[in-house]
Amino acid sequence: MTMFADIHATVLAALNEMCAEGRLPAGLDMRAVAVEPPRDAAHGDMATNAAMVLAKPAGMNPREIAVALAEKLTKDARIASAEVAGPGFLNLRLTAAAWRGVVATILAQSASYGRSALGQGRRINVEYVSANPTGPLHVGHTRGAVFGDALARLLDFTGHDVTREYYINDGGAQVDVLARSVYLRYLEAHGQEVAFADGTYPGDYLIEVGQALKDEVGDAYLGQDEAVWLSAIRDFATDRMLVLIREDLATLGVEMDVFYSEKSLYGTGRIEAALADLRGKGLIYEGVLEPPKGKTPEDWEPREQTLFKSSEFGDDVDRPVMKSDGSWTYFAPDIAYHYDKITRGFDELIDIFGADHGGYVKRMKAAVAALSNNRVPLDIKLMQLVRLKRGDQELKMSKRAGTFVTLRDVVEMVGPDVTRFVMLTRKNDAPLDFDVDKVREQSKDNPVFYVQYAHARVQSVLRKGAELGIMPGGADDLAAISDPAELALVAKLAHWPRLVESAAEAHEPHRIAFYLYELASDFHALWNKGNGEPALRFLQEDDLATSRGKFAMIRAVAIVISNGLGILGVQPADKM
RNA sequence: GCACCCGUAGCUCAGCUGGAUAGAGCGCUGCCCUCCGAAGGCAGAGGCCAGGGGUUCGAAUCCCUUCGGGUGCGCCA
């Protein structure tokens with residue numbers, strides 16, 4: 001249990017008592033009753049809106065309810081005061097002893113402080129990265145990789161059973177292009193002059209693949225028709241690319257549980273099975289789509305296609321699953337893939353896509369709703385672009401020239417921890433500027449540094465204390481935590497569990513990063529306050545009991561920072 | 001033309017799923033080291049939350065609408 005959950009339960013209990021005593025009507029819906037930190041700390045430690053949300057259904061004046069509730073709550077030993085404010089807020093102040101209890105809790109729970117059973121072991125599948133297996137990962141993929149991984153860790157931390165999954169697009173035309181490009185490199189390895197036409201991948205990273213192919217098959221494919229080698233080289237090359245991609249992900253500390261092959265859906269009856277499910281629900285038909293309004297393609301002509309009635313599930317129009325030539329559209333294997341996830345028994349699905357896939361969201365949600373009979377929710381997070389910069393200069397990417405900034409370039413420039421943290425300092429749907437110079441600065445301007453520095457400062461004091469034989473204390477020493485600034489810091493620590501839960505529910509790991517920044521800021525402020533008020537210094541050489549108490553407090557700060565960074569996949573620094 | 005995302009301080013962005021006087025960093029102005037690390041901190045100036053309607057005790061947040069920016073729109077994946 002946590003402080004906010006405890007008090008919330010206390011408030012509900014008090015309200016129920018009031019019902020039993022006839023001071024409130026029975027059977028009130030209390031789900032809207034919340035206990036939150038007030039926006040302005042001057043209002044108190046916690047505030048409840050109970051009186052306001054219950055006033056109308058109870059047919060009573062909100063202040064009347066608030067006064068009665070306040071009377072009950074002040075009997076609680078942890079609550080120092082309860083004041084009615086504004087239209088009916090009830091502002092609560094907790095006793096210093098109650099806050100000190102939070103420190104004891106944090107030290108006792110340590111690495112699991114903030115863990116929650118919110119997910120109740122629900123099985124949740126997070127699909128991310130899923131980049132085409134045609135080359136190394138670039139900056140854009142990096143953001144998706146970091147976000148997906150942090151989200152997975154966050155869900156794990158909140159009691160979900162998480163599967164991290166990568167969908168390999170190895171079934172489409174782009175892997176044929178890959179195979180042809182590798183063939184050219186293979187010819188090159190045999191000393192031939194080759195030209196990279198449009199529609200091939202000219203990147204240097206395929207040189208060694210061509211060489212490896214030569215090492216493996218010798219001259220077997222020289223002068224041969226594409227029909228002879230295409231399929232074999234495709235498999236060879238995609239395997240190589242997947243090794244590359246796994247290595248890229250590993251440099252960031254990202255590890256997948258499942259790599260799921262698109263190709264495995266073809267010729268195995270799995271696409272057919274998924275569509276048969278939809279057909280059985282009357283959601284597949286043959287028909288002709290209207291041309292898109294406003295922007296009709298030049299070569300538009302009406303054609304009959306096999307369509308999915310996605311419009312019955314909130315999509316704008318029905319979507320084709322089969323092209324007019326009888327082959328599948330990309331949507332068909334995607335339906336089959338999500339059908340497979342549903343059949344595997346997941347309770348919830350999350351897809352992380354690039355923002356350019358925005359037009360795909362509604363049909364995918366429609367498909368999952370239809371296939372699972374609305375049982376399995378699908379959340380799709382769209383990742384906005386990353387603008388990579390060095391100072392004022394933007395590092396441009398050009399796919400045609402084969403020059404792009406890779407994930408590995410970024411990690412080599414700034415390290416995995418900085419890459420991860422900075423990528424998480426923005427909401428997923430906001431564009432991100434990533435300045436490779438700025439993120440390496442050791443200053444307040446750099447949020448990674450700022451948070452790491454707070455952790456390192458705690459460790460530094462604790463080390464110094466250890467030299468003097470002072471260790472963080474237990475419950476008996478916590479009276480040393482008494483200044484309002486100290487209690488405010490502890491209150492911030494008490495927010496951690498509810499912050500974690502709200503971030504997990506919203507699927508928004510960036511909230512963790514922002515919280516850590518605020519916590520670090522509060523800590524640095526308290527540290528500096530010790531300059532003017534020696535009583536606030538953590539190390540009090542002439543008063544060991546006080547030192548032990550304050551050490552317990554700052555150790556709690558380090559624990560929360562460490563737990564938070566753990567969710568972001570960042571190593572806390574002990575020294576800087 | 002339609003759909004989705006976005007619009008908050010000069011700049012870059014938060015805003016806890018509807019709460020009280022809208023916050024932080026940078027930049028600007030002025031302060032704080034005989035002191036556990038100044039790689040920090042404190043204070044000040046700076047806002048019609050793009051505009052307009054609505055919903056209710058209460059809106060930056062939810063709904064409608066206008067304007068502005070981004071992305072996407074059958075036989076690409």
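Below, chain A is the first sequence line, B the second, and so on; all start at residue 1. Source: prediction; values computed, not measured.
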So does Lys444(A) get a side-chain nitrogen or oxygen closer than 4.0 Å to the phosphate oxygens (OP1/OP2) of G41(B)? yes
So, is Lys427(A) close to the G15(B) phosphate, meaning a side-chain N or O under 4.0 Å from OP1 or OP2? yes
Base, sugar-phosphate, or nothing for Ala47(A), non-hydrogen atoms under 4.0 angstrom? base
With a non-hydrogen cut-off below 4.0 angstrom, is Asn91(A) in contact with a base, only sugar-phosphate, or nothing? base
Can you check U8(B) for me, syn or anti if syn means within 90° of 0? anti
Check this one for me: any side-chain N or O of Lys56(A) less than 4.0 Å away from OP1 or OP2 of C57(B)? yes
Could you work out which one of C36(B), G40(B), C76(B) sits closest to the side chain of Lys323(A)? C76(B)
Stacking between Phe89(A) and the base of A20(B) (centre distance under 5.5 Å, interplanar angle under 30°)? yes
Given atom CE of Met46(A) and atom C1' of C16(B), what is their separation to the nearest angstrom? 14 Å
Which nucleotide in the set A20(B), G40(B), G74(B) lies at the smallest distance from any side-chain heavy atom of His43(A)? A20(B)
Report which part of the nucleic acid Glu501(A) touches: base, sugar-phosphate, or nothing (heavy-atom distance under 4.0 Å, all strands). nothing
Donor-acceptor pairs under 3.5 angstrom involving side-chain atoms of residues 49-59 of chain A: please list them, not counting sequence neighbours.
residue	atom	partner	partner atom	Å
Asn49(A)	OD1	Ala34(A)	N	2.9
Asn49(A)	ND2	Ala32(A)	O	3.4

Any side-chain N or O of Lys362(A) below 4.0 angstrom from OP1/OP2 of C4(B)? yes
Can you figure out which of A14(B), A20(B), A77(B) approaches the side chain of Ala430(A) most closely? A14(B)
Supply the atom-to-atom distance Asn132(A) CG to Thr238(A) OG1, rounded to the nearest 0.5 angstrom. 11.5 Å
Can a cation-pi geometry be assigned to Arg498(A) and Phe4(A), taking NZ or CZ under 6.0 Å from the six-membered ring centre and within 45° of the ring axis? yes
